[in-house]
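Quick notes on the structure that follows.
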Amino acid sequence: MRSFTYERANSPAEAAAAAARKQGAKFIAGGTNLLDLMKLEIETPAHLIDVNRLGLDRIEPTADGGLRVGALVRNTDLAAHERVRRDYGVLSRALLAGASGQLRNKATTAGNMLQRTRCPYFYDTNQPCNKRQPGSGCSAIGGFSRQHAVIGASEACIATHPSDMAVAMRALDATVETIQPDGAARKIPIAEFHRLPGSTPEVETSLAPGELITAVTLPKPVGGKQIYRKVRDRASYAFALVSVAAIVQRDGSGCVALGGVAHKPWRVEAAEVELPRGAKAVTAKLLTDAKPTHENAFKLLLAERTLGAVLAEARG
Amino acid sequence: MKFETPATTNPIDQLKIIGKPADRIDGPFKTTGTAPYAYERHDNIANPACGYVVGSAIAKGRIASMDLTAAKTASGVLAIVTADNAGKLAKGNFNFATLLGGPEIEHYHQAIALVVAETFEQARAAAQLVRVDYVKAEGAFDLAAVKDSGKPARITGGPADTAVGDFAGAFAVAPVQLDATYTTPDHAHAMMEPHASMAAWDGDKLIVWTSNQMIDWSVGELAKTLGMPKDKVRLISPFIGGGFGGKLWVRADALLAALGARAAGRPVKVALTRPMMFNNTVHRPATIQRIRIGATRDGKITAIGHEGWSGNLPGGKPEAAVQATRLLYAGANRMTATRLAVLDLPEGNAMRAPGEAPGMMALEIAIDEMAEKLGLDPIEFRILNDTQVDPEKPERAYSHRPLIACMGLGANRFDWSKRNPAPGRVRDGRWLVGIGMAAAFRNNPVMKSAARVRLDNRGVVVVETDMTDIGTGTYTIIAQTAAEMMGLPLDKIIVRLGDSTFPVSAGSGGQWGANSSTSGVYAACVKLREAVAQKLGFNSTEVDFADGQVRSGNRSVPLAQAAGESGIVAEDVMEFGDLGKKYQQSTFGAHFVEVGVDAATAEVRIRRMLAVCAAGRILNPKSARSQVIGAMTMGAGAALMEELAVDKRAGFFVNHDLAGYEVPVHADIPHQDVIFLDETDPMSSPMKAKGVGELGICGVGAAIANAIYNATGVRVRDYPITLDKLLARLPEVA
C-alpha cells in the first residue's frame, strides 16, 4: 500500500470539489473493495476523501412514487427496507445474493455500483492488464477466462462487472444522481452509467473526474414478478457465472438484465419484446454478437436455460 | 517399547476415558483467542520486526538484475534478504525447489527476497519497490502435453510398476470391459492459518515459532538448509491452524524469518499472504489416470489396470494415484504404472491422503461404471470382488478388513435400496435427484513416537512430546491416553506439544498421528506405572491405577503421595516392528451421497452425506467425527469446485486467492452423518486404533460423481464436476 493523505468531507459539494482539486484523489465509503485493491497496489490513490458522514444514508420516497436511495445506504439496510422488499423485490434479492452478511453491512449503494472487476489477472500485478495498467495488454484473452465476458468485450479487455445489485438496478431503470466539482447536479440513466471496455477499459463509468454519486433513484414501482437468479459453482459467497434479473408482468411482457456476461449489467430492450415467446427467443437477441472464449462459451447456454427457469418461475 | 506382536489386553481396554467423546481440552484456548499461533507470539517477543516476501513474477528463467535502492531507503526498512546476501544455503531433503530463489527461478512466486521493516505495512510497501528484471525461459506447464514424456517413478511403499499374472491377455478376452481415462486437477491445501514463523537468534542458536506438522523433520531441514548443527535449532509449534500436508516441511516463511532475523539483528516474523500461498508453497498435483477393468459376465474381475500420470519439478515425486488399486479389489491379472513428467509449475507434494484421494476419485467412478455395464448393484459388485488378502501378494492377509460391513451398514442407514438404479429418473421440483456411493480406503501407516510423562506431588501428570495438533484433537486424545493409563481424570493431565526440546514423536501426517503418538504416550505411561510401583515397593504386574490411587493387594496409595516431592519422570519411545509388513493394515469405509442437480442450470447441490468408517478403536468419537466430516467437506470441494487453474502460457496458478479458489461454504454442506464400526485392530498398536483423518476424504469425490450420474445420466470423468460439464447434456428446459 502506498502512503496517502486523508480528509473527511463535510458536504457532497465540498467532497467533489476536493476530489477535483487533489491529483489522484479517491472517495472512500465502505472500503470493502478499495482497501483490498490498495493493499495490492492495484489502486494507489494519493488522497482519500471520506464521504461516510455526508448524510447520504437515507431512503426517501420521490414525488413520482419512486424511491431515492442515498449513496451511502448500506447493502444490508437497502435489502431489508420495507419499500424495497415490497415494490422492488428484484433489488432486495440481488443484494442478498451478493457477498456476505459482514460485507453487506459495510458496503454502500454507490460503492457497489463502482465495484471493480474480479478478473484474476487484474488482481495479479505481475501480469499485464489494460485495466490496471493501460497499454500493457490483456492476460485473460487466451488465458484462464471461465468467469469472463461473452459479449461487449474488446481486444483490450474481457472482464466482467461483478455486482449483483447493479444488474437489478439496470432491470429497474434506476437513475444515478451525482454532484460535480463545480457544484452542479447531474442525473445519469443507469443504461449510460457503466461503459463497455472498448480501447479504454480503465474507464468504467461515465462519471467525470471528481464527480460524486449522491443517490440512486428508482422509478415508480412497476409491479410484476420480480426474480433474481444467480448461478455459481458453490451455493454462496461466489461471483455469478451468470445471473438473471427479471421483472415479468402477468401478460408475459417485462424486462431482463444479465450479470456475469459483460463489462456492465447486460440489457437489450429490443430483446424483451420476445419475452412472451420464451427464453430461447429472448437470449437469441440479447446475446447476438456474443464472442465467448473456449472456456466460457457455456455461459450462452447457461443464460438461456437460467432465463427459461426464471420465466417458468414467473408463470408460477 | 517395541510393538512386535499383536496387542493383548492392556489398561487402555478399560475404556473409562479412551473411547469417550471428550471435549477438546484446548477448545477454551481457541474459542477465547488465547491459543498462541506462530505469528502472534507476543508472549515471547514483544515487538518483532516484520518480513514481507517478494515472489518471482515469472515461472522459469533467471533474475538478470534486482534493484533494491528504493526499497532499502523506504521508511522503516531494516534489511533485505536475497540469495545474493543470504550466505551459502543448502537445500533440504524434502523440498525440490529452493526456498529462496535467485538467480535461477524454478517456479512462480518462488521467494526471491524478504524485506524486513519495523511494521508489516512498511515491509509490504517497501517490497513493492523492489525492481526485478528477469530473463524468461521456456517451461512446461501443461500436464496433458508432456504426459507422454513421463518416466517411471517410484511411489511411497512401492515400485513404479507392478504386475501380477497377464493383465493384457486377461483384459483382451474379458467379456465385459471398461477402458476410461479420468483427470483430477491441482488442489490447494487452503488451510485457514497461512504459513507463518517468527525467528530469534541467541548467539549461534536459533528459535523459530512456526506452524508445522513435523517438528523433528523440520528442525533437521532448517539446520541443513542453514548449515547448522541440529542441536542449535529449536522449533516451537503448539497450535496450528490447519496443515493438510502443506506444513509437513519447512517452507519459505521459516527460512526467511531466520535469515531476516540474522540480517536485521533482531527477531523477525513472516507470514505468507494468502495470494502468495498458492504458488509459493506446495499443492496436490494434477493427475491423468487410465483405468481398465475386465470382468466375467457374472461380475468377477479378471483384469484390473491403473496407470497414473503426474508432473513435478525436477527431482519431485509423483502423485501415487494407483496406490489403492494395488490393494482394494481382487483380480488375478493386474498392473499399475506410475509416470512422472517434468513440469515447471510450483512444487507438487503431499496433501491429505496423497495418492489415495485422487486415485479413489477415479477408481471408484470406474467401479460404478463397471457395475452398470454388468447390470449389478455397485455394492454387490464390490462385494463380489472383495479380498481378505493383498491381491498382489496373497500370502499377506489384511489385519482386519470389514469393507463389506461398512457398505452394508451404510446401505441400510441411507436407504440405498430405495435408489432407482436407472439414471435421470427421480425428480423433486426443480431438482434431478441422484444417489451414489463409493468405497473408502486408506492405508494405516505407523511411525515411531516418543513421549515423556512427569507425575508431580499434586497428582498431576504432564505429558511432553513434540507431537503436533493440527486441529485434529491430538491434545485431547493424548490426555485421554495418559488419564486412562494412570487412573486419573482428564483434568489431572497437562499436555505440552510441538516443541523440539520434547521427545521426538510421529508428528502429524499420513493419518498416522493419532495412533502412533498415543502409542508413544502409552509406552511412557507403562514406564511411569513401573516407576511408581517400584517406588512403593509394589509388584508391578499386580498394580491397579484407578481413581487417583495406586492399589496392590489391600494397599492403596494416592498417586500424588506416590510421586513425592521430587515427582517421578518416565520417558519411552514406541517402535513398531514388522506387523505392518506381515499384515496389510488399512482403514475402510463407505461413502453415500444424495445430490440434487438443477434441471435448468445444472448446479449441483449435495442434499445429504453419510460415511461409515472402520478405523480400529476410535479414541475419541467426537474429534474423530470432526475429522471425518471435515474430510467429507474437503472431498465435496474436490468433487464440485476445487481446481487450481493453470495459465499454460505464463506457468502459474491463476486463481491464487480464496475468491478464485473456491472451497465449500456452509451452504454447500447441508447434512452429514458419520458412523464408526465398533472394532479394534490389535495388529496396529497397543491402542488398537488406526488413522481416520484421511480415510474420510478417500472416495467422497467419486460417491458425489456417481450420485450426479444417477441424477442425470451424465458421466463426468474430469474433476471438478462443474455445471458447464453437465449443462449441454441435460434435457431441454420446458
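Lettering of chains follows the sequences in order, A, B, ..., and the numbering in each one begins at 1.
Atoms CZ and CG, from R229(A) and D598(B) in turn, are 4.5 Å apart once rounded to the nearest 0.5 Å. One finds the CZ atom of F144(A) at 12.0 Å from the CZ atom of R649(B) (value rounded to the nearest 0.5 Å). Here the OH-NE2 distance, from Y237(A) to H666(B), works out to 12.5 Å after rounding to the nearest 0.5 Å. We find the CG-OG1 distance between L301(A) and T601(B) to be 11.0 Å, quoted to the nearest 0.5 Å. Rounding to the nearest 0.5 Å gives a distance of 11.5 Å between CG of L726(B) and CZ of F298(A). With rounding to the nearest 0.5 angstrom, the CD atom of Q128(B) is 3.5 Å from the CD atom of E41(A).
E313(A) does not touch chain B: none of its heavy atoms, backbone or side chain, sits under 4.5 Å away. Looking at A728(B), both its backbone and its side chain come within 4.5 Å of chain A, counting heavy atoms on both sides. With a 4.5 Å cut-off on non-hydrogen atoms, V604(B) does not touch chain A at all. Residue S3(A): no heavy atom, backbone or side chain, is found under 4.5 Å from chain B. Only the backbone of S56(B) has a heavy atom closer than 4.5 Å to any heavy atom of chain A. Interface residue E603(B): only side-chain heavy atoms are found under 4.5 Å from chain A. Neither the backbone nor the side chain of L311(A) comes within contact range of chain B; no heavy atoms are under 4.5 Å apart. Heavy atoms of L658(B) lying under 4.5 Å from chain A belong exclusively to its backbone. Interface residue A125(B): backbone and side-chain heavy atoms are both found under 4.5 Å from chain A. Using a 4.5 Å cut-off between heavy atoms, R2(A) does not touch chain B at all.
Taking all atoms of both residues into account, the shortest heavy-atom contact from R234(A) to V663(B) is NH1-O, 2.6 Å. Nearest heavy-atom pair, Q127(A) versus A650(B), reported as atom, atom and distance to 0.1 Å: OE1-CB, 4.3 Å.
Heavy atoms from other residues, nucleotides or ligands lying under 6.0 Å from NZ of K72(B) number 12 at most. The 12-atom threshold is not exceeded at CD of E155(A), counting heavy atoms of other residues, nucleotides or ligands nearer than 6.0 Å. Surrounding CZ of R62(B) are at most 12 heavy atoms belonging to other residues, nucleotides or ligands under 6.0 Å away. When the shell of 6.0 Å around CZ of R274(B) is examined, it contains more than 12 heavy atoms from other residues, nucleotides or ligands.
Of the listed residues (G142(A), P120(A), A297(A)), the one with the most heavy-atom contacts under 4.5 Å to chain B is G142(A). For the set V231(A), V242(A), T125(A), the entry with the most heavy-atom pairs within less than 4.5 Å of chain B is V231(A).
Contact annotation: the side chain of L730(B) approaches that of R305(A) to within less than 4.5 Å [non-hydrogen atoms, C-beta and beyond]. K39(A) is listed as a side-chain neighbour of R124(B), based on a closest heavy-atom distance under 4.5 Å. Side-chain contact between E295(A) and D724(B) is absent, with no heavy-atom pair separated by less than 4.5 Å. By the 4.5 Å heavy-atom criterion applied to side chains, K280(A) and E732(B) are counted as neighbours. Proximity of R146(A) to T722(B): side-chain heavy atoms (C-beta onward) are separated by under 4.5 Å at one or more points. No side-chain heavy atom of F652(B) sits less than 4.5 Å from a side-chain heavy atom of N126(A).
For the 3.5 Å distance criterion, the side chains of Y108(B) and D124(A) qualify, holding a donor opposite an acceptor.
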